[in-house]
Each structure stands twice: as structure tokens, then as C-alpha cells.
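Just so it is clear, the values below take in all heavy atoms, side chains as well, and ignore hydrogens, waters and symmetry mates. Keep in mind that what you see is a predicted model, and the values were worked out from it rather than measured.
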Amino acid sequence: MEISGTFLSEGPQLSMVMDMEKQGVSLDKFMEIYMKDNMMYMSAMGQQMKQEADMSELSGISFDPDTMNFDKEAWKENLDEATISDDTLHLVVKDELLKESKAQMNSFASAGIEEISGVSMDVELENDFIKSATIQLKGTDADGNTASIQVYLKLNDINAAKDITYPDDLDTWPLAEDTGLLG
């Protein structure tokens, strides 16, 4: 999975697009999420919907490097392994933490991992702020075969004053309750 997007605290406004590749098959814009004018717009595999969203709670979100830095010390107790090379961290999460978090980890079954056996992260820092992160989940699928998921996140232009480009047809996306997708 590769996620790219833009967040502006004014409004707030958000554009997030997820591309996915599995076994050599790529799905561009597998999922899109936009926030604009107190509405959240979601599109997944061609299914589009929108719903009202109270974004007043998000007004305090900031990506200021002074307040959103990576606290290296707080991570130590959750790690089996941690190495630092220049501004790149390699972190391996403790097996005990994975077992304690088993309920949350079950959500990866739909992505092909039934049982998670390891989580590692490679984090690139710039002035103690996360510049990019690669998260690797390893485990087994329903048939007992080895499976893995890799998620890559790159942060660019933090707090850069630039506009978000939204799809032209957002106003035509149906309301969530009219789609039947939310039960």
C-alpha cells in the first residue's frame, strides 16, 4: 500500500489516496478519502459516498515539527530490536506486544494475513520529525502460507501553504445512507 495526501488545518481539509499492489497486480486509487466543508467523501474500489462530518474536533490538529516529533524514548519498552543509522531507525516490535494486541491485528485478515508473527518499521527522520515510514507486517494466511503486507508513508511539504485539488465530481457522490454500504 502507498498512501499520499495533503492535510490543511484550515477548514480542516484533507486529501488522501491509497494505491495498492498485491502479487504484481496494481490498483491505483484503491481508496480515496477527502474532507471539505464539513463533509467526508470516501471512494473504495469504485464505490463512492459522502457524509456529514463534524470537523470542529480536528481544528486543533497540527503538523508542526515542534509538536509532532518522534519520541524515541517512549518506543523503547515496546521493541525487541532498535538500530539507528544516521537519521534512519529500524524497529522490531516485541512479540509480547503483538500477542496483547491480537484483537486489533485480526483486522488484517481481509488483507491476507490471518496470524501476525512480526511487525517491523523503518523510519526516516528529519530533525526528529518523521519524514517517511515503511511498516512491514509478516505472518501466515488462512492456508498457513507465509504472507506479508508493506505500507509506505512519506510526508512532504508539512504545513506548506498549498491548495488541495479535489475530484471535480465530489458533489455528485451519493450520501452514505443512500448507498447501503454502511448497513
Query raised in the report: Considering all heavy atoms of both residues, which atom of Leu125 and which atom of Leu89 are nearest to each other, and what is their separation?
Result: CD1-CD1, 3.8 Å
Query raised in the report: Does the Asp87 side chain pair with the main chain of Glu124, one donor and one acceptor, at a distance under 3.5 Å?
Result: no
Query raised in the report: Where do Met40 and Ile33 land on the side-chain contact (heavy atoms from CB on, under 4.5 Å) test, with the steps shown first?
Result: CA-CA 7 Å; Met40 179 179 292; Ile33 299 174; 4.3 Å; yes
**Report entry** side-chain hydrogen bond (donor to acceptor under 3.5 Å, both in side chains) partners for Tyr152, two or more places apart
**Finding:** none
Query - Residues in side-chain hydrogen bond (donor to acceptor under 3.5 Å, both in side chains) contact with Tyr41, at least two apart in sequence or another chain - result: none
Report task. Answer yes or no: are there more than 12 heavy-atom neighbours, outside Glu21 itself, under 6.0 Å from its atom CD? Result -> yes
Requested in this report: Any chance you could measure Met42, atom CE, to Met31, atom CE, to the nearest 0.5 Å?
Outcome: 9.0 Å
Query - Shared hydrophobic cluster for Val92 and Ile135 (ILVMFWY, side-chain gaps under 4.5 Å) - result: no
**Report entry** Interatomic distance, Tyr166 atom OH to Met35 atom CE [nearest 0.5 angstrom]
**Finding:** 8.5 Å
Query raised in the report: Can you name the side chain to side chain contact (heavy atoms under 4.5 Å, CB included) partners of Gln150, sequence neighbours left out?
Result: Thr134, Gln136
Requested in this report: Could you pull out the closest heavy-atom pair between Leu79 and Leu91, with the gap in Å?
Outcome: CD1-CD2, 3.6 Å
Query - Euclidean distance, Lys36 NZ relative to Ile164 CD1, rounded to 0.5 Å - result: 9.5 Å
Report task. Could you list the residues that satisfy side chain to side chain contact (heavy atoms under 4.5 Å, CB included) with Asn145, not counting sequence neighbours? Result -> Asp141, Asp143
Query raised in the report: Is Lys50 reaching over with its side chain to a backbone N or O of Asp171, donor-acceptor style, under 3.5 angstrom?
Result: yes
Query - Side chains of Tyr34 and Leu170 in contact at under 4.5 Å (non-hydrogen atoms) - result: yes
Report task. Find the distance between CD (Gln51) and CD (Glu177) and round it off to the nearest 0.5 Å. Result -> 8.0 Å
Query raised in the report: Quick one: NE2 on His90 to OG on Ser85, what's the gap to the nearest 0.5 Å?
Result: 12.0 Å
**Report entry** Partner set under side chain to side chain contact (heavy atoms under 4.5 Å, CB included) for Leu27, not counting sequence neighbours
**Finding:** Phe30
Report summary line: d(Lys29 NZ, Met20 CE) to nearest 0.5 Å is 15.5 Å
Report task. Only counting residues at least two apart or in another chain, list the ones meeting side chain to side chain contact (heavy atoms under 4.5 Å, CB included) with Thr172. Result -> Asp169
Report task. Check Ser117 against Gly139 and note the closest heavy-atom contact, atom names and distance. Result -> OG-CA, 3.5 Å
**Report entry** Nearest non-hydrogen partners of Gln48 and Pro174, listed with the distance
**Finding:** O-CG, 3.3 Å
